[in-house]
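Below is the structure I would like to discuss, written out as structure tokens.
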Amino acid sequence: MPELPEVETTRRGIAPYIDQQQLTHAIIRQARLRYPIPVEQVNCLIGQVLVSVERRAKYLLLKFNTSTLIIHLGMSGSLRIVSQEAEWRKHDHWQLAFGSVLLRYHDPRRFGFLIACDSVEQHGLIIKLGPEPLSDAFSTQYLQSKLAKRRAPIKTSLMNNELVVGIGNIYACESLFLAGIHPLTPCHQLTPTQLCLLHGHIQATLNRAIAQGGSTLRDFLNPDGQPGYFAQTLNVYGRAQQPCHQCGTPIDNLRIGGRSSYYCPQCQPLNPGKQ
DNA sequence: CTTTACACCTGACTGC
DNA sequence: TGCAGTCAGGTGTAAA
């Protein structure tokens, strides 16, 4: 489920409730997520004040003085702020209490995780990550230099975290549609004009999605229990056989790198003009 | 080095 | 109504 906009929506939703608050209690009901929850290390943080709620790529970082909790939502994870009376639901796996404010994690598929580490920047999951797509480091020039020698399909590269982080299947498909680029186009064949367009549409798409509270497919709710509204804006994702909003051609569906990839065969031609 | 296949896990949906 | 098969927003690891 969650790509960068959903994680950022989550961060903004929970931060006002827990930032600068003291962690008072932790409950781990199911420690067996993608990685086992280090229960001891989590309990060690009880009594400490949460210093900041940050996001890096699709990871949420809860920073305390001595260590940081890294949270990943996997495919189906979500965080909510709940009250003391809230019943535990099926697939609610853990909860952090900040006084009477409870941060509760729900994840049917259990692909997410909660781990602790002393220096986040050095952590194996974080250290190899590429730039944030909404930062200055992610420029058209950066894209150009990184893609010039690659032969992999552009869509695969957009979803490669070492190149740029936070872009998952939905936003890769949507950005490529807006830029008029076929998802199978080999990276090195992209023209400077196409790269510039793509760069702009990646940022615009992510910004728009964040502004609308992320996408809601299936059961994504932001921490206040509200759905995201970006799904209503999707041009191609999940729209196989349906008419393209721009030209009416039925949207097609390909498998690229094991992921289904939606695109408009008319608006996103392969090898336009050949070269 | 790149590319693929698989692994983790549950639930929703399709077709017989 | 049931059952088997397929698919799903992620990503680290192993194999080819």
Side-chain angles (χ1 to χ4, degrees), chain A residues 1-10 29-37 55-60 70-79 89-94 105-115 117 123-130 133 146-177 183-184 186-188 202 205-206 209-210 212-222 227-241 253-262:
Chain A
M1 157 189 63
E3 302 184 29
L4 186 148
E6 290 74 38
V7 179
E8 180 60 21
T9 297
T10 299
R29 305 174 87 212
Q30 169 61 275
R32 296 188 53 201
L33 302 184
R34 162 122 206 209
Y35 305 119
I37 297 177
R55 179 189 58 74
R56 173 76 173 104
K58 294 170 189 166
Y59 303 106
L60 281 169
I70 305 179
I71 298 166
H72 194 280
L73 304 177
M75 291 275 264
S76 57
S78 60
L79 283 167
R89 299 170 299 170
K90 192 177 182 184
H91 306 307
D92 283 346
H93 302 312
W94 57 258
Y105 181 74
H106 181 80
D107 187 1
R109 293 178 71 183
R110 290 199 266 142
F111 285 178
F113 58 81
L114 168 64
I115 56 176
C117 73
H123 194 278
L125 291 169
I126 306 287
I127 199 161
K128 295 190 318 192
L129 294 175
K146 285 291 185 179
L147 299 183
K149 288 176 184 168
R150 288 179 187 255
R151 313 193 138 265
I154 181 60
K155 176 164 184 266
T156 310
S157 297
L158 287 184
M159 294 175 67
N160 177 348
N161 279 333
E162 295 182 23
L163 241 149
V164 57
V165 301
I167 304 174
N169 207 17
I170 295 179
Y171 298 107
C173 290
E174 293 300 313
S175 303
L176 286 168
F177 170 79
L184 281 176
C187 294
H188 68 93
I202 288 169
T205 304
L206 293 174
I210 291 170
Q212 293 180 42
S215 298
T216 292
L217 266 48
R218 300 185 180 77
D219 61 352
F220 175 75
L221 295 178
N222 70 32
Y229 291 99
F230 192 73
Q232 300 169 12
T233 314
L234 298 178
N235 282 298
V236 288
Y237 186 85
R239 296 193 63 244
Q241 325 298 345
N253 184 8
L254 266 179
R255 270 194 112 65
I256 304 174
R259 314 295 301 277
S260 71
S261 309
Y262 302 87

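Note on naming: letters A, B, ... go to the chains in the order of the sequence lines (proteins, then strands), and numbering restarts at 1 for each one.
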**Message:** So, does A:H72 get its side chain near the phosphate of C:dT11, meaning an N or O under 4.0 Å from OP1 or OP2?
**Reply:** yes
**Message:** With rounding to the closest Å, how many angstrom separate the P atoms on B:dC13 and C:dG9?
**Reply:** 15 Å
**Spacing of A:M159 atom CE relative to C:dT11 atom P, expressed in whole Å** = 8 Å
**Message:** Taking side chain to side chain donor-acceptor pair (under 3.5 Å) as the definition, give me every residue that meets it alongside A:R109, ordered by chain and number, with sequence neighbours left out.
**Reply:** none
**Item:** Candidates C:dG9, B:dC9, B:dT3 - which lies nearest the side chain of A:Y237
**Value:** C:dG9
**Message:** Under a 3.5 Å distance rule, please check whether A:S261 uses its side chain to pair with a backbone N or O of A:R259 as donor and acceptor.
**Reply:** yes
**Prompt:** Is any side-chain N or O of A:H91 closer than 4.0 Å to OP1 or OP2 of B:dG11?
**Reply:** yes
**Message:** For A:L234 and A:Y262: C-alpha separation, side-chain torsions, deciding distance, then whether side-chain contact (heavy atoms from CB on, under 4.5 Å) applies.
**Reply:** CA-CA 11 Å; A:L234 298 178; A:Y262 302 87; over 6 Å; no
**Atom-to-atom span, CZ of A:F111 to C1' of C:dT13 - whole angstrom** = 14 Å
**Prompt:** Which of the following nucleotides, C:dG12, C:dT11, B:dC9, is nearest to the side chain of A:Y59?
**Reply:** C:dG12
**Item:** Euclidean distance, atom CZ of residue A:R89 to atom C1' of B:dG11 [Å, nearest integer]
**Value:** 15 Å
**Item:** Short side-chain to backbone donor-acceptor contact, A:Q30 and A:R32, under 3.5 Å
**Value:** yes
**Message:** So if I apply the salt bridge (Lys or Arg N to Asp or Glu O under 4.0 Å) rule between A:E8 and each of A:R56, A:R55, A:K58, which one comes out positive?
**Reply:** A:R55
**Message:** Could you spell out the base pairing of DNA chain B as a dot-bracket line? Use Watson-Crick and G-U wobble contacts where both distances are under 3.5 Å, [ ] for crossing pairs, | for partners on a different strand.
**Reply:** .|||||||.|||||||
**Prompt:** Side-chain N or O of A:R259 less than 4.0 angstrom from OP1 or OP2 on C:dG9?
**Reply:** yes
**Request:** Figure out the CG/C1' separation between A:L33 and B:dC8, and round it to whole Å.
**Result:** 11 Å
**Prompt:** When the distance from CD1 of A:I115 to C1' of C:dT11 is rounded to whole Å, what number comes out?
**Reply:** 13 Å
**Request:** Quick one: sort the A:Y105 and A:H93 rings into parallel, tilted or perpendicular, breaks at 30° and 60°.
**Result:** tilted
**Message:** Please check this pair: side chain of A:D107 against backbone of A:G112, looking for a donor-acceptor N/O pair closer than 3.5 Å.
**Reply:** yes
**Request:** Please state how far atom NZ in A:K128 lies from atom C1' in C:dT11, giving the value in whole angstrom units.
**Result:** 11 Å
**Item:** Pairwise P distance for B:dC9 and C:dC3, with rounding to whole Å
**Value:** 23 Å
**Asked** Of the candidate nucleotides C:dG10, B:dT3, B:dC9, which contains the atom at the shortest distance from the side chain of A:A152?
**Response** B:dT3
**Message:** Just N and O in the side chain of A:N169: are any of them under 4.0 Å from OP1 or OP2 of C:dG10?
**Reply:** no
**Request:** For A:R110, report the nucleic acid contact type (base, sugar-phosphate, nothing); a contact means any heavy atom under 4.0 Å.
**Result:** sugar-phosphate
**Prompt:** Taking only side-chain nitrogens and oxygens of A:S260, does any of them come within less than 4.0 Å of OP1 or OP2 of C:dA8?
**Reply:** yes
**Request:** Nearest-nucleotide wise, let me know which of A:R34 and A:R109 is further upstream toward the 5' end of DNA chain C.
**Result:** A:R109
**Prompt:** At under 4.0 Å between heavy atoms, what does A:N161 touch on the DNA or RNA strands: base, sugar-phosphate, or nothing?
**Reply:** sugar-phosphate
**Asked** A:I70 has an atom CD1; how far is it from atom C1' of C:dG10, in whole Å?
**Response** 16 Å
**Prompt:** Could you give the CE-to-C1' distance, from A:M75 to C:dT6, as a whole number of Å?
**Reply:** 13 Å
**Asked** Among all residues two or more places apart in sequence or in another chain, which pass the side chain to side chain contact (heavy atoms under 4.5 Å, CB included) test with A:V164?
**Response** A:P133, A:F138, A:I167
